[in-house]
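Working notes, structure below.
Side-chain atoms are counted along with the backbone in the values below, which use heavy atoms only and exclude waters and symmetry mates. Letters A, B, ... are given to chains in the order of the sequence lines, protein chains preceding strands, and every chain is numbered from 1.
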Number of protein chains: 2
Amino acid sequence: MDIDQQLLAAAERLFDRNGFNATGMGKLVREARLSSRTVYKHAGNKNALMARVLSERHRRFFEHTDFSTTTALFDSLAEWFAAEGIRGCLFFRAEAETGGDIPEIAAEVAAYHQQLIEHIAELVVRETGQADTQLADQILALFEGATTAATYRGAAVIDAARSCACQLVNARTRP
Amino acid sequence: MDIDQQLLAAAERLFDRNGFNATGMGKLVREARLSSRTVYKHAGNKNALMARVLSERHRRFFEHTDFSTTTALFDSLAEWFAAEGIRGCLFFRAEAETGGDIPEIAAEVAAYHQQLIEHIAELVVRETGQADTQLADQILALFEGATTAATYRGAAVIDAARSCACQLVNARTRP
DNA sequence: ACGCAGGTAAAACGATCGTTTTACCTTGGG
DNA sequence: CCCAAGGTAAAACGATCGTTTTACCTGCGT
């Protein structure tokens with residue numbers, strides 16, 4: 001059934017564009033062109049739907065993003081924003097809107113963050129030949145910072161962050 | 001009257017900890033130990049209250065933060081988080097929760113961002129002797145990224161971001 | 001002594017929230 | 001042929017939302 005995709009696509013779009021709490025189930029039902037009965041049959045309730053949206057976003061993001069090199073990482077981010085618009089990190093926003101109080105959502109956010117950290121740590125090892133927590137934290141900060149700051153400064157921040165990250169990595173590559 | 005401070009303090013605490021939309025006026029009235037009549041006499045309505053909270057936060061943040069050197073900037077951020085807790089940027093969160101649709105709030109967020117950008121640009125000039133948009137964007141990304149990533153990685157990200165920013169600035173200081 | 005500015009407590013407003021229910025299709029397989 | 005599965009449309013649920021109103025109290029200036 002593409003009914004699940006229809007529902008999840010509408011939910012992700014509305015949650016992302018207008019916020020989670022500001023998006024009522026009524027508006028969601030209307031936008032997804034489904035009946036509320038069907039929506040609740042498929043999603044359970046709003047919290048579960050939010051969690052599924054995050055889970056799907058998680059999958060799609062790591063499917064899209066290329067962690068093979070630092071350059072590729074920030075290029076992927078720029079591509080993502082060009083295709084999806086720049087509205088900041090949906091996981092951070094979900095956690096902030098819910099105060100971390102809804103376990104199913106907090107779990108999805110934590111899972112995303114853990115995988116993000118791991119992928120960056122592996123990237124560091126791959127590019128410099130050794131683990132380096134501080135370098136990984138720096139790339140993470142540049143990645144998150146580009147995501148946030150690009151919402152009001154535009155895509156130029158991503159270029160700036162990429163060149164900074166590459167500088168850091170190159171400095172470690174040949175000492 | 002400290003009635004305004006009482007109201008704004010409670011509002012900022014609840015909005016920050018639990019989110020803007022998730023914080024009802026009922027809970028706010030209870031927590032501020034005021035009557036709803038008094039709250040609406042002082043604040044007008046919820047949107048105006050949110051905007052005033054952001055305006056006050058803006059003032060307080062720039063009063064606290066030391067933009068004189070790159071080191072001082074990230075030290076200030078670490079101090080702020082130690083004192084206030086780490087929950088990410090309240091301005092970004094306000095914009096995201098409202099989808100940018102409430103003009104009074106969007107204006108406060110834009111004003112904050114503009115001043116942040118300006119202060120960092122001046123910091124760059126002060127430390128390197130010339131304007132450098134790319135360097136300013138890099139420091140901005142590190143600043144925003146530290147703010148966001150510290151919510152799940154902790155204060156270590158701030159140290160990492162500071163050392164990265166200082167490296168960048170020093171590389172420009174003596175060429 | 002009095003009035004009024006400005007506070008409280010509590011009820012009430014209509015709107016909207018998330019969710020469930022009722023009643024009615026449509027459709028593919030035995 | 002028909003019946004279960006699974007969809008729609010729409011009404012209804014109680015809770016809570018943001019906001020206003022009613023009724024009362026208090027303290028201060030003249």
- Message: Determine whether B:Y152 and A:E144 satisfy the following criterion, side-chain hydrogen bond (donor to acceptor under 3.5 Å, both in side chains), listing intermediate values before the conclusion.
- Response: CA-CA 12 Å; B:Y152 56 95; A:E144 290 273 22; 2.4 Å; yes
Does a side-chain N or O of [X] approach OP1 or OP2 of [N] to a distance below 4.0 Å, or not?
{"X": "A:S36", "N": "C:dT19", "value": "no"}
{"X": "A:T38", "N": "D:dT8", "value": "yes"}
{"X": "A:H42", "N": "D:dG7", "value": "yes"}

- Message: Would the distance check show the side chain of B:T128 and the main-chain N or O of B:R172 forming a donor-acceptor pair, the cut-off being under 3.5 Å?
- Response: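 Between the backbone of B:R172 and the side chain of B:T128 there is no qualifying donor-acceptor contact (under 3.5 Å).
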- Message: Check whether A:R126 reaches the backbone of A:F67 with its side chain - one donor and one acceptor, N or O, closer than 3.5 Å.
- Response: yes
Rounded to the nearest Å, what distance is computed from the [atom1] atom of residue [X] to the [atom2] atom of nucleotide [N]?
{"X": "A:N45", "N": "C:dT19", "atom1": "CG", "atom2": "P", "result": "5 Å"}
{"X": "B:L28", "N": "D:dT19", "atom1": "CG", "atom2": "C1'", "result": "13 Å"}
{"X": "B:F20", "N": "D:dC17", "atom1": "CZ", "atom2": "P", "result": "17 Å"}
{"X": "A:K41", "N": "C:dT22", "atom1": "NZ", "atom2": "C1'", "result": "13 Å"}
{"X": "A:L7", "N": "D:dG7", "atom1": "CG", "atom2": "P", "result": "11 Å"}
{"X": "B:R33", "N": "C:dA9", "atom1": "CZ", "atom2": "C1'", "result": "15 Å"}
{"X": "B:Y40", "N": "C:dT8", "atom1": "OH", "atom2": "P", "result": "15 Å"}
{"X": "A:K46", "N": "C:dT20", "atom1": "NZ", "atom2": "P", "result": "15 Å"}

- Message: Checking contacts here: which listed nucleotide (C:dT19, C:dT8, D:dT8) is nearest the side-chain heavy atoms of B:L34?
- Response: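 For the B:L34 side chain, the nearest candidate turns out to be C:dT8.
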- For A:E31 and A:K27, run salt bridge (charged side-chain N to carboxylate O under 4.0 Å, His left out): C-alpha distance rounded to whole Å, both residues' side-chain angles, the deciding distance at 0.1 Å, then the answer. CA-CA 6 Å; A:E31 207 90 3; A:K27 181 181 286 186; over 6 Å; no
- Of A:G44 and A:K27, whose nearest nucleotide on DNA chain C comes first from the 5' end?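 Counting from the 5' end, the first nearest nucleotide belongs to A:K27.
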- Query: Counting only distance, no hydrogens or angles, is the base of D:dT22 paired donor-acceptor with the side chain of B:R37 under 3.5 Å?
  - Reply: yes
- With a non-hydrogen cut-off below 4.0 angstrom, is A:R30 in contact with a base, only sugar-phosphate, or nothing? nothing
- Message: Taking the basic N atoms (NZ, or NE/NH1/NH2) and the acidic carboxylate oxygens, is any pair closer than 4.0 Å for B:R60 and B:E12?
- Response: yes
